[in-house]
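A short worksheet on the structure shown next.
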Amino acid sequence: MSNSEELIPLSGPDITDADRKAVAEVLAGRTLALGPRMVAFEEALAAYVGRREAIAVSSGTAGLHLAIRALGIGGLDIDGRDASAGADEVITTPFSFVASANCILFQNAVPKFVDIDPETLNINPELIEAAVNERTRAILPVDVFGLSADMTSISEIARKHDLKVIEDACEALGAECAGKPAGSFGDASVFAFYPNKQITTGEGGMIVTDDAELAARCRSMRNQGRAPDDRWLAHERLGFNYRMDEMSAALGLSQLGRIDEILAARAEVAGHYISELSEVPEIETLATPAGYRRSWFVFVVKVMGSVERDRVMDYMNGHGVQCRPYFTPIHLQPFYVERFGYAEGDFPVTEAVSRRTLALPFHNSMSGEKVRKIVEVLREALQST
Ligand SMILES: *Cc1c(COP(=O)(O)O)cnc(C)c1O
């Protein structure tokens with residue numbers, strides 16, 4: 001493929017006429033915020049993951065922040081506890097998108113990183129108990145690349161040590177662990193609807209829980225701390241504007257209505273990749289362990305052996321195929337290094353994995369032909385490096 005041809009982007013939204021119509025209907029009306037679409041989207045998503053309550057918010061990051069705050073974690077919790085009371089700790093993974101650890105810092109709590117399993121790329125449950133101490137308040141596992149963390153083991157550890165669980169399911173709508181949906185495990189779980197996720201609202205997110213009181217606190221805090229009866233200027237606690245608007249909710253509701261179709265299309269694209277790449281010895285695709293259903297989010301491969309991932313990536317980016325390293329470890333992000341003094345070697349499995357992982361273009365409507373083209377460029381890249 002030559003440079004002159006169009007770049008194959010890393011991801012792309014899948015918007016149908018029905019989606020456009022749903023948004024246009026909102027714009028034709030008078031209620032653009034705090035309206036019936038938000039409530040309908042919440043009810044539909046709660047039903048989809050089998051939860052009693054869902055709270056739509058303006059992003060996945062906002063959802064994670066509210067969930068942690070509503071659970072009373074951190075120095076500035078909903079009861080106005082003093083920030084100097086000592087830092088709560090939340091156990092989480094360094095192999096994730098930075099928001100999953102940042103949301104802990106938002107509350108003046110401290111992320112306590114635990115290394116990952118080299119196969120699942122999720123937090124390694126066997127290492128969690130060694131990280132628990134008297135300041136530990138919660139575990140925040142992330143369902144990385146659409147594969148649920150080992151929520152059975154994590155829930156058991158949390159019960160044993162009386163810890164809360166916040167499931168970051170932002171990459172895993174439609175995934176399953178032990179026959180249950182991702183997002184159905186934590187005290188609170190959070191989904192995200194940025195355009196590269198399984199379904200999109202543009203920007204948006206959703207907290208789900210079975211705890212009605214927790215849900216009420218989240219609803220109040222997303223809406224400037226207003227009382228539940230929503231008297232316009234009655235603010236009973238410090239809140240935020242983390243609301244989801246009606247255009248976003250209408251889009252989300254429309255997309256959720258064809259979630260099975262979307263997940264099947266994504267699984268088909270992943271299937272094309274897996275079969276094409278089975279012939280490429282330097283590339284390993286991600287396995288899905290028994291007892292799990294992966295909901296394909298991004299298509300990440302591992303570049304094995306002595307091949308340098310960055311050179312492969314540069315070649316592909318220069319030859320019409322957009323690729324990205326996915327993820328750079330959170331503990332090695334500059335401000336984490338500065339604040340906590342982390343260094344190379346602190347989480348060796350995460351670091352080794354993140355040197356090899358590469359995200360290839362992936363979206364719902366990619367043809368088998370396009371996948372073959374991308375794999376062809378990948379083979380060229382491997383030969384030329
Ligand atoms: C996308 C994502 C988020 C945050 O979602 P936004 O809607 O972009 O704020 C959080 N955690 C993980 C693991 C994600 O992939």
Side-chain angles (χ1 to χ4, degrees), residues 10-11 13 38 41 45 54-69 90-107 111 113-114 116 120-123 138-149 151 154 165-175 177 182-183 185-186 188-208 218 222 240-245 247-249 251-252 255-256 266 286 294-300 324-331 333 336 350 353-354 357 359 362-363:
L10 202 58
S11 71
M38 182 180 79
F41 185 33
L45 197 99
I55 304 95
V57 287
S58 53
S59 71
T61 306
L64 287 166
H65 181 203
L66 279 197
I68 291 173
R69 190 175 172 90
V90 177
I91 291 172
T92 192
T93 172
F95 189 71
S96 175
F97 181 58
V98 71
S100 62
N102 283 354
C103 61
I104 299 165
L105 294 178
F106 293 166
Q107 281 303 105
F113 293 121
V114 165
I116 58 169
T120 65
L121 311 187
N122 284 325
I123 192 167
I139 309 174
L140 193 156
V142 179
D143 302 333
V144 170
F145 304 153
L147 179 70
S148 178
M151 294 311 297
I154 291 167
V165 176
I166 302 116
E167 184 185 0
D168 180 343
C170 288
E171 302 189 354
L173 185 67
C177 168
F185 293 90
S189 306
V190 179
F191 294 101
F193 310 121
Y194 188 74
N196 69 341
K197 315 282 181 181
Q198 285 88 347
I199 66 169
T200 188
T201 58
E203 297 283 3
M206 191 83 78
I207 306 162
V208 294
C218 289
R222 85 170 157 194
F240 305 84
N241 177 358
Y242 282 169
R243 299 182 298 255
M244 176 182 282
D245 65 65
M247 291 74 79
S248 299
L251 180 55
Q255 295 238 313
L256 187 60
R266 293 172 86 84
L286 300 182
R294 186 189 293 273
S295 168
W296 287 97
F297 164 54
V298 285
F299 197 85
V300 167
R324 286 277 180 279
Y326 232 102
F327 299 107
T328 302
I330 298 175
H331 68 285
Q333 297 288 353
Y336 279 84
T350 293
V353 165
S354 79
T357 41
F362 186 71
H363 48 89

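Since the structure is predicted, the reported quantities are computational estimates derived from the model, not experimental observations. Position 1 is the first residue of the sequence, and the numbers go up from there. Note that ligands are numbered from 1 as they come in the structure, with each ligand's atoms numbered from 1 the same way.
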How about Phe41 and Phe193: are their ring centres within less than 6.0 Å of each other? yes

Smallest separation among heavy atoms of Leu173 and Leu45, with atom names: CD1-CD1, 4.0 Å

Got a donor-acceptor contact below 3.5 angstrom from the Thr92 side chain to the Leu140 backbone? yes

Can you tell if the side chain of Pro329 reaches within under 4.5 Å of the side chain of Phe113, non-hydrogen atoms only? no

Ligand 1 N/O to protein N/O, distances under 3.5 Å:
residue: ligand 1; atom: 7 (O); partner: Gly60; partner atom: N; Å: 2.8
residue: ligand 1; atom: 9 (O); partner: Gly60; partner atom: N; Å: 3.4
residue: ligand 1; atom: 9 (O); partner: Thr61; partner atom: N; Å: 2.9
residue: ligand 1; atom: 9 (O); partner: Thr61; partner atom: OG1; Å: 2.5
residue: ligand 1; atom: 11 (N); partner: Asp168; partner atom: OD1; Å: 3.4
residue: ligand 1; atom: 11 (N); partner: Asp168; partner atom: OD2; Å: 2.8
residue: ligand 1; atom: 15 (O); partner: Glu171; partner atom: OE2; Å: 2.6
residue: ligand 1; atom: 15 (O); partner: Lys197; partner atom: NZ; Å: 2.8

Which of parallel (below 30°), tilted (30 to 60°) and perpendicular (above 60°) describes Trp296 and Phe362? tilted

Is it the case that the ring center of Phe299 lies less than 6.0 angstrom away from the ring center of Tyr326? no

